[in-house]
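What you see below is based on every heavy atom in this structure, not just the backbone, and it leaves out hydrogens, waters and symmetry mates. Given the structure is predicted, the values throughout are model-derived calculations rather than measurements. The sequence lines fix the lettering, A, B, ..., with proteins before strands; numbering per chain opens at 1.
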Amino acid sequence: MNLSTTDLINLAWVGLCAMLVFFMQAGFALVECGSARSKNSINVIMKNYTDMCVGAFAYWLVGYGLMFGASAAGWLGTSDFALNTMNASTSMSWFYQVMFASTAATIVSGAMAERMHFNAYLVSSTVMTLLIYPVYGHWAWNPNGWLKQIGFIDFAGSSVVHSVGAWCALAGVIVLGPRLGRFTKTGEAHDIPGHNLPMVALGGFILWLGWFGFNGGSVGGFDKDNVGLVLINTHMGGVAGVVGAIGWAMLTRRPVLMSTTVNASLCGLVAVTAGAATLSPLTASLVGLIAGILFIYMAEFIRSRRIDDAVDAFAVHGVGGIWGTLAAGLFYSGDFFNVSRIGVQLLGIGAAFLWAFPVSYAMFKLIDKLMGLRASTMHEQRGLDYTEHNELGYPEFQNSPAQLKMGE
Amino acid sequence: MATDPSSLRRRAAYAVLSGVLDETALMDSLTLLHTSLRSDNVTDVIRYIDTVARRHDIDAASTKRLYPAYFAALRRSDDELPLDPLPLMGLAPRAAAPAPMPAAVTPVQAPAPVPAPGPVAVPVAVPVLTPPEPLPAPEPIPEIPSAPEILVHAALMRHLFEDLAHFHGDQIDPVRQDVLKALDKARLPASLKDQVRSAWTSPLTQPWRIEAMPGELAELVHLLYIALCENLGPVDADRVITGAVQHADRLPEARRYSPRKFL
């Protein structure tokens, strides 16, 4: 098969973007690891490292086929399972999509950090990339998917990747319960600060960089005239998320936290993802700005409900995803506030919840019953690095029960 | 301050010599002290340290440092010294375990008259590991000795309550309530639960010598950790428990039972 220079450049662009999306795994790992206590740092890193591996395998075997295979009435793919021979375009598409699948799965790991069995996490991660993510992805991204057919807009996955991941995370933390001592008897939250906030910031930078590949690659090639617009909108979403969050924090006399700043930028990036190709820089900024403010309120609301989301994953990916998907309809370039389009967007948002939340809730319940989801309180005391991996992140510097136990 | 002079000497010697001698040599030296040293007279102490140095090949520079170190140790406050190593020396009967927690200091025998301080008559060449019979009763033995894990657990708990009283005094009562509630549900012997309940009546002044198996003591530490997490938050709970374990780790008994095993 002979490819034109343009085709080759387009493939190279998508390949490069796929690698940037892969690098987002490092960003997630750093954000989540830095947000956890040092005695659980290895466990968090291991989850991020390995969910990508088991997820990619599951996606190759089944997930990609369910998502992009020949559609059965718009609901499920029925071909392209365990692909072994692919043309240049399909292989690059597969490579790009498997990185997205890993991203959706890894959103869950941070929310459930510090109290979940490692093997149970791997099972849940496999099911996510095997079934939960691809089915919704089929509806929204397969050319014959039922949501796609009625005009649902989700350019690079505010709903497909982030909302689905966030609903699974929310279901997971509800089934799992809060970390030992996270809430007092009266419902107040005990702070559990992360052990390395500079690591969180570095993770934020890496994720932001990766997002250019996440949205930029979704254009599908470098010869399209909107690559620059997509990249600008992506950047403005992140920027505005921070401006919105820290501005609102100052106005309402809240502390301007670094962790909030990083998460607000991510929330802005998530929100702008659905409409990165159909927003203008102005509306992208507005979307990011509102996302940053919404993040603050949702993180507080989740805590007030005594739900322990260790890294505010739902506030970042759930709220960002829902708002971004809606905003893609509200601010569709040249056709603002089209009621019909907004209705379709709301339908897509609802479908993500109705599919991902109950299915993942049932999945976590089943895993809990079959193999145990929650680490024991003794394991929480010792730290999952010791109990799950027999390895410490900082053996020379760490001052914790885990280190003392390890040195026994 | 410790009031029993011979106990104080043993504790001071333990504190000073444990840094330079291995376990066997340390026990030998403490036995030598137990059977020969009868005063804090400078001449006697120097003779004792010289004997220890000769028997265990301590170099001259280290020996020189031991003289002032020993006298400094004698002047330390009670809580700066390790516990009395007498139980480790195998010279006193051990308590049968498990036994009820001793309610208070229990003399095991009437004190024998203590010889007046004076020059030590025993020549240093006498083999002190096989002391001449009958062994002179040196001093009243202040307490029934316990297994090392019990002593280590006791030290851990005492330090933990010092920390709590200092930084989280208002949280002791809620922690107590949570621990006692958890204790009711715990799968532990009833006699052990009674000991713990009794200790919790005045946790700051208790010796915390809970007569129990090591696994049961670890379970008690875990119940306390959970209560600390619930009331102080997990970060402070980790700090408190880690500090207590590190403190207990410095005891001589920790050589025989590491407090880390309670984690």
Does atom [atom1] ([X]) have a neighbourhood of more than 12 heavy atoms from anything else shown, all under 6.0 Å?
| X | atom1 | answer |
| --- | --- | --- |
| A/W248 | CH2 | no |
| A/Y49 | OH | no |
| A/F301 | CZ | no |

Name the region of B/L228, side chain, backbone, both or neither, that has any atom closer than 4.5 Å to a heavy atom of chain A.
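Contact with chain A involves no heavy atom of B/L228 at all.
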I'd like to know whether A/L180 forms a side chain to side chain contact (heavy atoms under 4.5 Å, CB included) with B/E230, so could you lay out the CA-CA distance, the side-chain angles of the two residues, the decisive distance to 0.1 Å, and finally the verdict.
CA-CA 7 Å; A/L180 182 59; B/E230 304 280 354; 3.8 Å; yes
To the nearest 0.5 angstrom, please state how far the [atom1] atom of [X] sits from the [atom2] atom of [Y].
| X | Y | atom1 | atom2 | answer |
| --- | --- | --- | --- | --- |
| B/L232 | A/H190 | CG | NE2 | 7.0 Å |
| A/R37 | B/D238 | CZ | CG | 6.0 Å |
| A/R179 | B/C229 | CZ | SG | 11.0 Å |
| B/E219 | A/M378 | CD | CE | 6.0 Å |
| A/T377 | B/Y225 | OG1 | OH | 9.5 Å |

Would you please test B/D178 and A/K185 for side chain to side chain contact (heavy atoms under 4.5 Å, CB included) and show each step?
CA-CA 11 Å; B/D178 283 357; A/K185 293 185 195 76; 2.9 Å; yes
Greatest number of heavy atom pairs closer than 4.5 Å to chain A - which of B/N231, B/I241, B/D249:
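The residue among B/N231, B/I241, B/D249 with the greatest pair count is B/N231.
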Looking only at heavy atoms, what is the nearest atom pair of A/G181 and B/P234, with distance?
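Distance-wise, the nearest heavy atoms are O-CD, 3.3 Å.
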